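Worksheet: one structure, shown below.
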Amino acid sequence: MINNITVIIVSYKSEKAIFKCLNSIKIFKKVLILENSGDKKIKNILKKKYPKVKVYLSSKNLGYGAGYNFLLNKVNTKFAFLITPDASIKKGTSKILLKSIKFNQHSFGIMGPFSQNKNFQINEKLFKKNIYKANHILGFCMLLNVKKIKNIGMFDENFFLYLEDIDLCKRLILKNNNILINKDFVIDHVGAKSSNLKNIIFLKLRNWHWMWSQYFYAKKYNGNIFALLRFIPKLIFIFLKLIFLLLKGDKNSLKYYYRLKGLYSSIIGKKSYLRPENLN
């Protein structure tokens, strides 16, 4: 079964976080990494420490959606194990994952750990071995059935950051594929530590893209009128909040400024253009 799995990791200057991740997945024989920064030094560091890992450099920052598609097109195994640089598998649980695949390999589009988010909507127990159906799985750890993922067009490359995982799950469910959670499979996830970006740059990115992706997702599944009715009040609130914070001289005004820019850009139909390299 281990030969039927390829690990895929999309990284952006993640050399400080990724070593714990890679050390935790040594059981897997095939590991592919896309370094979105194009930094040859990072590639050399990874290749020196992990010579069996295949590292690709991107000529431009593809983000998560397009980055994962790039790697999925390199996968020639039945399954792809997607994990982010700031996540790691707890000792001993990789065997649990392999056993879960053996029992359920024909029944899911995506399988993931339960511990990542206790707020999941778990529908019902589907199989033995603590396997449950769910409505979605967060994107820092996903076991992908490659054929089923490719059948629905893989990740939507419009999403640079945020909601590319939720969108993938949504499209799988619409095509009657199962999303499964394994309650015995445990992942450590630090969260927001995938990159060594400066805090101020990450703050700008996360707030801009969070709002851009939310509106794009709403428009994609419910139409532009619904999205406008839902998000115009949010746009007004963010604008008023920004003015209030600016008048107070509150440093949180920067967060709302980038939320406003991201949401406005999405509403007027601009692509998800903001990149960390543009913020240096």
Side-chain angles (χ1 to χ4, degrees), residues 5-72 74-75 79-91 93-94 97 110 112-113 115-117 137-144 155 157 159-166 168 185-199 201-206 209-210 213 275-277 279-280:
I5 302 173
T6 301
V7 177
I8 59 173
I9 302 172
V10 170
S11 167
Y12 184 88
K13 297 183 179 181
S14 305
E15 65 272 21
K16 290 183 179 179
I18 201 170
F19 296 133
K20 182 179 179 181
C21 173
L22 291 172
N23 288 335
S24 77
I25 58 172
K26 286 183 177 179
I27 188 174
F28 298 102
K29 298 177 181 179
K30 302 173 184 177
V31 180
L32 308 180
I33 298 174
L34 174 66
E35 176 51 51
N36 257 332
S37 71
D39 192 328
K40 292 182 179 179
K41 290 181 181 179
I42 296 176
K43 179 179 179 178
N44 293 335
I45 291 170
L46 291 172
K47 290 300 294 180
K48 184 177 180 179
K49 192 170 179 65
Y50 305 95
K52 294 183 179 180
V53 172
K54 178 68 176 177
V55 182
Y56 298 94
L57 292 179
S58 178
S59 59
K60 64 177 183 178
N61 191 349
L62 299 176
Y64 281 120
Y68 287 133
N69 285 348
F70 174 89
L71 292 177
L72 282 168
K74 306 288 183 184
V75 171
F79 302 102
F81 183 65
L82 182 161
I83 189 168
T84 56
D86 59 351
S88 58
I89 302 175
K90 282 201 172 181
K91 189 176 181 180
T93 56
S94 53
L97 176 66
I110 302 176
S115 56
Q116 57 183 307
N117 187 336
I137 286 175
L138 297 183
F140 65 80
C141 178
M142 308 171 94
L143 180 70
L144 309 174
F155 286 89
E157 297 187 4
F159 293 102
F160 178 83
L161 180 66
Y162 298 123
L163 298 187
E164 77 287 336
D165 47 357
I166 306 301
L168 186 70
F185 185 49
V186 182
I187 289 285
D188 282 329
H189 181 229
V190 180
K193 298 295 181 182
S194 287
S195 175
N196 65 359
L197 288 173
K198 295 178 182 178
N199 289 339
I201 293 177
F202 184 67
L203 179 145
K204 294 174 182 178
L205 280 173
R206 73 184 302 181
H209 283 286
W210 176 239
S213 294
R275 302 290 182 266
E277 50 267 31
L279 296 170
N280 289 328

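Keep in mind that this is a model prediction, so the values were computed, not measured.
In this structure, S14 contributes its side chain and Y12 its backbone to a donor-acceptor pair below 3.5 Å. Listed for the D165 side chain is a donor-acceptor partner under 3.5 Å among the backbone atoms of G139. Remark: side-chain polar atoms of S213 are paired, donor with acceptor, to backbone N or O of Y162 under 3.5 angstrom. In this structure, N61 contributes its side chain and S37 its backbone to no donor-acceptor pair below 3.5 Å.
Side-chain atoms of N23 and Y50 include a donor-acceptor pair closer than 3.5 Å. For the residue pair E157 / Y68, no side-chain donor-acceptor distance below 3.5 Å is found, with atom types taken as modelled.
For NZ of K47, the number of neighbouring non-hydrogen atoms (other residues, nucleotides, ligands) closer than 6.0 Å is greater than 12.
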Could you go through the side-chain contact (heavy atoms from CB on, under 4.5 Å) check for F140 and L82 one step at a time?
CA-CA 7 Å; F140 65 80; L82 182 161; over 6 Å; no
Can you list the steps and then say if L138 with I166 is a side-chain contact (heavy atoms from CB on, under 4.5 Å)?
CA-CA 7 Å; L138 297 183; I166 306 301; 4.1 Å; yes
I9 and L32: side-chain contact (heavy atoms from CB on, under 4.5 Å), yes or no, with the steps?
CA-CA 6 Å; I9 302 172; L32 308 180; over 6 Å; no
Tell me, with the steps shown, if K54 and V31 meet side-chain contact (heavy atoms from CB on, under 4.5 Å).
CA-CA 6 Å; K54 178 68 176 177; V31 180; over 6 Å; no
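With a 6.0 Å cutoff to the six-membered ring centre and a 45° limit on the axis angle, K74 counts as a cation-pi contact of F70.
For F19 against L46, the heavy-atom pair with the smallest separation is CE2-CD2, 4.0 Å. Closest of all the heavy-atom pairs between F155 and G65 is CB-O, 3.6 Å. Scanning both residues, L57 and K40, for their nearest heavy atoms gives CD1-CG, 3.6 Å.
For F160 and Y64, the ring centers sit 6.0 Å or farther from each other.
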